[in-house]
Amino acid sequence: MTVLEDRIAMAQSDDTYWLDEMFERLEKMPVPEGYKVEIVEGTIYMSPQRDIHWETIRRIVRALEDTFGMDVKVFSDVRIDFPGRKNGLAPDVAKLRDGAEKNSEGRWRHEDVEFIAEVISTDTAKNDYGPKKTAYALAEVPVYLIADPYTGKCRLFTQPKDGDYVSDTSITYGGDVDMTTTFLGLTLKTDEFPRD
């Protein structure tokens, strides 16, 4: 291991310890029902999950299940630690590779994430397009989708490289999100995605 790799490993270990401590504290606090909590770059965000949010998530999950079967490893709002400073994220939808297993702390590893979808909330949209997108690209998540019920558009990011995505495609609701050229090999229909 090089000196740089050793420093990165130590920083990630410190971040994991800090994130564990913060999430343990949050578990002892009363979080209102229907709220999602995650830590982005060391800042705690709590955002309400609205029905439109869930309807969009459900349609994305269903498309993944239709393509990969009911045993597909797909989760919603489950903590996964991502690269960057103190990123304990809970993606709206995360699909893991076949054979993925939890680490020694009992959490899923970002190295096993193949697809992420986030549904925009007004208060946290800047995270989805900013630090979370960077964290997903650093983790080399091959396919990242943002669904925005306010603008009625999806953004599809593919080909992660150097902390960003090379490909960025915008699709207006009603059109199809073509992911047939990715390992997912699916087309996501958006004609029934709800708008806010």
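Just so you know, residue 1 is the first one in the sequence shown, and it goes up from there.
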Rounded to the nearest 0.5 Å, how far apart are [atom1] of [X] and [atom2] of [Y]?
X	Y	atom1	atom2	result
Arg62	Thr67	CZ	OG1	12.5 Å
Ile60	Glu55	CD1	CD	12.0 Å
Ile116	Leu89	CD1	CG	7.5 Å
Tyr129	Ile120	OH	CD1	4.5 Å
Phe82	Leu138	CZ	CG	11.0 Å
Thr158	Met179	OG1	CE	10.5 Å

Is any side-chain heavy atom of [X] closer than 4.5 Å to a side-chain heavy atom of [Y]?
X	Y	value
Val166	Phe157	no
Trp54	Arg58	yes
Val113	Tyr136	no
Leu96	Phe75	yes
Tyr173	Glu192	no
Thr180	Thr187	yes
Val93	Val74	yes
Leu156	Val143	yes

Under 3.5 Å, is there a donor-acceptor pair between the side chain of [X] and the main chain of [Y]?
X	Y	answer
Asn103	Glu105	yes
Arg107	Asp81	no
Thr190	Gly175	yes
Glu118	Ile146	no
Thr56	Val119	no

So with a 6.0 Å cut-off around CG of Asp71, is the heavy-atom count from everything else above 12? no
Residue Arg195 excluded, over 12 heavy atoms near CZ under 6.0 Å: yes
Treating Ile, Leu, Val, Met, Phe, Trp and Tyr as nodes and any side-chain heavy-atom pair under 4.5 angstrom as an edge, say whether [X] and [Y] lie in one connected cluster.
X	Y	answer
Tyr144	Ile171	no
Phe115	Tyr165	no
Trp108	Val72	no
Leu64	Phe193	yes
Phe183	Leu186	yes

Which atom names give the shortest non-hydrogen contact between [X] and [Y], and what distance separates them?
X	Y	answer
Ala139	Pro83	CB-CD, 3.6 Å
Ala137	Gly163	CB-C, 3.4 Å
Arg109	Ile80	C-CG2, 4.2 Å
Leu145	Cys154	CD1-CB, 3.9 Å

Electrostatic pair [X]-[Y], nearest N-O below 4.0 angstrom:
X	Y	value
Asp112	Arg97	yes
Lys95	Glu114	yes
Asp148	Arg155	no

His53 and Asp196: side chain donor to acceptor below 3.5 Å: no
